[in-house]
Structure formats: structure tokens, C-alpha cells
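Notes for the one structure printed next.
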Amino acid sequence: MFLQKRLTSLQNKLKENNMDAILITSPVSRVYITGFTGTAGYGIVMQSGAFLFTDFRYTQQAREQAKHFNVIEFQGNPLDSINSLLKDHTIRKLGFEDKDVTYAQFEQFKDKMNAVRLEHVGSIIEDLRVIKDEQEIQKMREAARIADLGFKHILGYVKPGMTENDVALELEYFMKRNGAKGLSFETIAASGVRSSLPHGVASMKKIEKGDLLTLDFGCIFEGYCSDMTRTIGIGALDDKQKQIYKIVLEAQMKALDAITAGKTGTEIDKIARDIITDYGYGSQFGHGLGHGVGLEIHEAPRLSVAGENKLKKGMVVTVEPGIYIEGFGGVRIEDMVVVTDSGIDNLTSSTKELLII
């Protein structure tokens with residue numbers, strides 16, 4: 001049902017843009033529109049037809065997953081088979097995913113499909129993906145649940161003397177053992193002065209008493225990502241560390257409370273940014289407040305100073321303010337939420353109380 005709706009929506013977009021067909025090359029777009037998860041294939045969607053080209057290795061899988069597509073097995077160069085189909089259906093105007101196609105590939109397309117006019121489609125498929133349907137939200141809810149379980153597990157595991165890498169590996173192993181297909185991104189585990197690195201991936205640094213430890217991680221469930229961040233204390237923290245945590249938490253909670261369909265990403269970003277700035281740490285919050293999540297870990301929309309597009313019901317975004325002080329450390333707190341007409345549905349359930357272990 002959901003795949004059929006996505007296909008129909010794309011076909012409607014083709015009609016609106018007076019385009020005969022679109023060539024799908026992006027693996028992410030291919031999964032989203034066809035349901036096919038194999039690693040090799042091209043999609044051709046016409047205003048009144050849909051075709052999936054793949055090779056012998058994936059033909060059976062494609063027929064099982066891409067129920068609304070005619071599966072064509074190619075041998076040799078797939079562009080020859082695609083070109084033959086385009087001629088049979090008298091396709092004159094063919095869209096291509098310019099954000100995915102390299103210049104070399106574009107030249108190949110022009111050479112092999114010289115009877116069609118190639119036109120870039122910009123973000124036509126990304127614009128469809130930005131609103132998640134209920135099936136997508138359920139998959140992301142499960143990915144977030146696994147990540148929450150991982151955080152709970154790691155709280156009972158981490159101890160002074162362990163390396164950041166020890167903690168990251170345990171967290172990753174736990175999530176995979178509990179249903180995750182993979183990681184949304186390389187796990188960030190940054191302690192002590194390294195916690196001032198917004199993307200401080202795990203290192204061999206030992207975690208020490210008095211450290212702030214920032215954990216930013218997520219997992220993939222049935223193709224969909226989760227993303228969360230928590231910062232915890234190792235042993236006793238000083239007053240400045242506690243104050244920074246309190247400021248970041250206040251900024252995050254106020255931003256979460258303000259999210260609703262119809263507001264822009266810029267408006268939400270400003271709420272958190274103004275709070276952090278008023279406390280004197282504006283220059284230590286240098287990234288956007290959040291981003292969309294889905295089949296990819298970074299998608300539209302953006303919650304940032306440049307996030308001018310309005311939020312809509314069904315968008316899934318992160319809310320992750322932070323303060324990062326070089327030579328001292330940093331704090332970030334992040335939830336992943338679904339935008340609703342009246343607010344949010346928070347997919348992240350882990351406590352945001354300052355935990356000291």
C-alpha cells in the first residue's frame with residue numbers, strides 16, 4: 001500500500017512537470033520508490049508504467065520486493081536495455097537525478113540514450129521523502145527504541161579507565177544484537193576535553209573521573225535510521241560542567257516545546273540559539289539545531305539559521321543543541337521527533353536528567 005502510494009505520487013510529479021519518465025539511479029531513491037533493497041539496479045518510472053532493471057543475482061529478490069514494478073533482467077550494459085525500453089515507449093523527455101549522477105555517468109547516458117532529452121529533476125524524490133508515512137515512522141520508532149536500550153545498557157557498562165573505543169564498540173554490538181541491521185553513522189564517544197569536538201568519533205583516549213562523556217549514536221532498522229545524543233558525567237562534575245548541561249537542556253526543551261507544523265526551521269533554531277547566547281555561549285554553539293532523518297541520517301528539512309522551509313506533519317527531525325568549549329569540554333543533548341499538527345511525537349525516550357556514574 002505505501003509503495004503504491006509513493007509510486008503514484010512520483011507519477012503525479014512527472015505529470016506536473018511535463019516529463020515523460022524519470023531514471024532512478026540513487027540507491028536511496030530506488031529503495032524508497034521500488035522497495036527493492038538489492039545493491040544493483042535502475043528504475044524507470046513513466047507516467048503510466050514502472051520498470052526495474054537488475055541482473056541475474058537480484059531478479060528473484062526484485063520481483064518479491066518491487067511488487068508494482070515490471071522487473072527486467074539485463075545482461076551486459078544495462079543502459080542498452082533501458083534505451084530499448086525508452087524507444088518502445090516513445091519516451092522523449094527523461095528526468096535524471098542530478099544530485100546522484102556524476103558527469104561521467106551523464107556523458108554515458110547522453111551517448112546511449114541519444115533519442116531522449118535528459119533533464120535534471122532536482123529534489124523531486126527528496127521532496128516526497130521528506131514527509132514520512134506511518135510505515136516509515138514505525139521503522140524509525142523501532143530504530144530509536146533499540147538505541148534507547150543501548151543507552152540504558154551502556155550506563156551499566158562504562159567505567160573510568162575504559163577507552164572511548166571500548167564504549168563505542170560495546171554500544172554498537174549491543175544494538176546489533178538487539179535487532180539493528182547496522183549503524184546510522186560512526187559512533188561518537190568523546191570524553192573530557194574531547195567532548196568539545198561536535199563530531200569526536202571514539203578514540204583510544206581513556207575515560208577519567210571528572211569527564212563529561214558525550215555519546216552520539218544511532219542504528220538502522222529495516223533501512224531507517226535513528227539518531228540520539230546524551231552527555232553523562234563520570235564521577236563528580238564541577239559547577240561549570242553542571243551549568244553548561246543545564247543551559248543545553250533548557251535550550252533543547254524550549255525548542256521541543258515550540259515545534260509544530262507551520263513553523264520554520266529557522267524559528268525553532270532561534271529559540272535554542274537565543275537561550276544559549278543569552279547565557280554567553282553563543283559562539284560555542286556553531287552548528288544547526290537539527291536535521292531531518294529517514295533512509296539517510298541527514299535529510300531535509302534543516303533546523304538552522306538557513307532552515308526557511310516550513311515544518312509539516314510527518315517530518316522527522318533531530319533537536320540537538322550543544323555548547324563546546326575548546327580545552328574544557330562540551331555537552332550535547334539530542335532527541336529525534338515526528339512533527340505533528342499540534343507539536344511533536346518524541347521517538348527518543350531516554351532520560352535527560354544529568355546522570356553521573
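Residues Val248 and Leu212 share a hydrophobic cluster, clusters being chains of Ile/Leu/Val/Met/Phe/Trp/Tyr side chains in contact below 4.5 Å.
Side chain of Arg273 to backbone of Phe285: a donor-acceptor contact under 3.5 angstrom is found. Side-chain atoms of Ser26 come within 3.5 Å of backbone N or O of Ser29 as a donor-acceptor pair. The closest donor-acceptor contact from the side chain of Glu208 to the backbone of Gly192 lies at 3.5 Å or more, if one exists at all. No donor-acceptor distance shorter than 3.5 angstrom exists from the side chain of Ser84 to the backbone of Asp80, with no hydrogens or angles considered. Judged by distance alone, with hydrogens and angles left aside, the side-chain atoms of Arg332 form no donor-acceptor pair with the main-chain N or O of Thr214 at under 3.5 Å. Checking side-chain atoms of Asp238 against main-chain N and O of Lys240 turns up a donor-acceptor pair under 3.5 Å. A donor-acceptor distance shorter than 3.5 angstrom exists from the side chain of Arg194 to the backbone of Val201, with no hydrogens or angles considered. Here the side chain of Thr90 pairs no donor or acceptor atom with the backbone of Leu86 at under 3.5 angstrom. Panel note: side chain Asp98, backbone Gly122; a donor-acceptor pair is recorded below 3.5 Å. Under the 3.5 Å distance criterion, the side-chain polar atoms of Gln135 are left unmatched by any main-chain donor or acceptor of Met1.
When side chains are defined from C-beta on, Ile44 does not count as touching Ile24, because their heavy atoms never get closer than 4.5 Å. Within the 4.5 Å cutoff, the side chain of Met46 has heavy atoms near those of the Leu85 side chain. When side chains are defined from C-beta on, Leu3 does not count as touching Lys67, because their heavy atoms never get closer than 4.5 Å. Contact of the Tyr58 side chain with the Val71 side chain is not registered, since no non-hydrogen atoms from C-beta on lie closer than 4.5 Å. Inter-residue side-chain proximity for Phe36 and Val31 is flagged as unmet; no heavy-atom pair is nearer than 4.5 Å. Here the side chains of Leu249 and Lys246 are not in contact, with every heavy-atom distance at 4.5 Å or above. Residues Tyr279 and Ile244 fail the side-chain proximity criterion, which asks for heavy atoms closer than 4.5 Å. For the pair Ile234/Ile357, a side-chain contact is recorded, criterion being any heavy-atom separation below 4.5 Å from C-beta on.
Donor-acceptor pairing under 3.5 Å is recorded for the side chains of Glu134 and Gln138. Using modelled atom types and a 3.5 Å distance limit, the side chains of Asp100 and Thr25 yield a donor-acceptor pair. A donor-acceptor pair shorter than 3.5 Å cannot be found between the side chains of Ser196 and Glu326. For the residue pair Thr163 / Asp166, a side-chain donor-acceptor distance below 3.5 Å is found, with atom types taken as modelled.
Applying the ring-ring contact (aromatic ring centres under 6.0 Å, His included) test to every pair with at least one member in residues 113-144, sequence neighbours left out, gives no pairs at all. For residues 186-230, no residue pair satisfies the ring-ring contact (aromatic ring centres under 6.0 Å, His included) rule, not counting sequence neighbours. For residues 168-198, the pairs satisfying ring-ring contact (aromatic ring centres under 6.0 Å, His included) are His153-Phe174, with sequence neighbours left out. Here ring-ring contact (aromatic ring centres under 6.0 Å, His included) pairs that include residues 323-357, with residues two or more places apart or in two chains, are His287-Tyr324.
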If you apply the rule side-chain contact (heavy atoms from CB on, under 4.5 Å), what do you find for Leu354 with Leu237, and how did you get there?
CA-CA 10 Å; Leu354 176 55; Leu237 298 181; 4.2 Å; yes

Should Lys13 and Asp127 be marked as a salt bridge (Lys or Arg N to Asp or Glu O under 4.0 Å) after you check the CA-CA gap, both sets of side-chain angles, and the distance that decides it?
CA-CA 10 Å; Lys13 285 285 186 182; Asp127 289 345; 5.4 Å; no

Please lay out, stage by stage, how Leu23 and Val101 fare under the test side-chain contact (heavy atoms from CB on, under 4.5 Å).
CA-CA 10 Å; Leu23 171 64; Val101 172; over 6 Å; no

Derivation and outcome, side-chain contact (heavy atoms from CB on, under 4.5 Å), residues Lys15 and Asn12
CA-CA 5 Å; Lys15 293 172 185 175; Asn12 289 337; 4.3 Å; yes

Kindly determine whether Arg141 and Asp345 satisfy side-chain contact (heavy atoms from CB on, under 4.5 Å), including the steps that lead there.
CA-CA 10 Å; Arg141 193 183 302 278; Asp345 175 9; 2.8 Å; yes

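Nearest approach of Ser184 to Cys225, heavy atoms of both residues: OG-CB, 3.5 Å. The two residues Gln65 and Thr37 make their nearest non-hydrogen contact at OE1-N, 2.9 Å. Taking both residues in full, the closest heavy atoms of Ala272 and Leu289 are given as CB-CD1, 3.7 Å, listed atom of the first, atom of the second, then distance.
Every residue meeting the salt bridge (charged side-chain N to carboxylate O under 4.0 Å, His left out) condition with Lys352, not counting sequence neighbours, appears here in chain and number order: Asp335. Annotation: ring-ring contact (aromatic ring centres under 6.0 Å, His included) contacts of Phe69 (sequence neighbours excluded): none. Residues satisfying the ring-ring contact (aromatic ring centres under 6.0 Å, His included) criterion with His89, sequence neighbours excluded, are Phe51. Partners of Phe96 under the ring-ring contact (aromatic ring centres under 6.0 Å, His included) rule, at least two apart in sequence or in another chain, are Phe106. Among residues two or more places apart in sequence or in another chain, the side chain to side chain donor-acceptor pair (under 3.5 Å) test is passed with Glu186 by none. When the side chain to side chain donor-acceptor pair (under 3.5 Å) test is applied to Asp148, the partners found at least two apart in sequence or on another chain are Ser349, Ser350.
By the 6.0 Å contact criterion, CD on Gln60 is open, its count of non-hydrogen atoms from other residues, nucleotides or ligands being 12 or less.
Remark: of the listed residues Val338, Val339, Thr340, Val339 is the sole one forming a side chain to side chain contact (heavy atoms under 4.5 Å, CB included) with Ile259. Lys93 pairs with exactly one of Val116, Asn18, Ile22 by the side chain to side chain contact (heavy atoms under 4.5 Å, CB included) rule, that one being Asn18. Of the residues Leu171, Val167, Asp216, the one that meets the side chain to side chain contact (heavy atoms under 4.5 Å, CB included) test with Thr187 is Leu171.
Between Glu142 and Lys139, none of the side-chain N atoms (NZ, or NE/NH1/NH2) sits under 4.0 Å from a carboxylate O, so this pair counts as no salt bridge. Using a cut-off of 4.0 Å between Lys/Arg side-chain N and Asp/Glu carboxylate O, Asp211 and Lys205 are scored as salt-bridged. At a threshold of 4.0 Å, the pair Glu107-Lys110 counts as salt-bridged, since one of the basic side-chain nitrogens sits closer than that to a carboxylate oxygen.
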Would you mind writing out the side-chain donor-acceptor pairs for residues 314-323 within the sub-3.5 Å range, not counting sequence neighbours?
| unit_1 | atom_1 | unit_2 | atom_2 | d |
| --- | --- | --- | --- | --- |
| Thr318 | OG1 | His291 | N | 3.1 |
| Thr318 | OG1 | Glu320 | OE2 | 2.8 |
| Glu320 | OE2 | His291 | NE2 | 3.1 |

May I have the list of side-chain donor-acceptor pairs in residues 300-310 shorter than 3.5 Å, sequence neighbours left out?
| unit_1 | atom_1 | unit_2 | atom_2 | d |
| --- | --- | --- | --- | --- |
| Arg302 | NH1 | Glu299 | O | 2.3 |
| Ser304 | OG | Ala306 | N | 3.1 |
| Ser304 | OG | Gly307 | N | 3.3 |

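The distance from atom CD of Glu334 to atom CZ of Arg230, rounded to the nearest 0.5 Å, is 8.5 Å.
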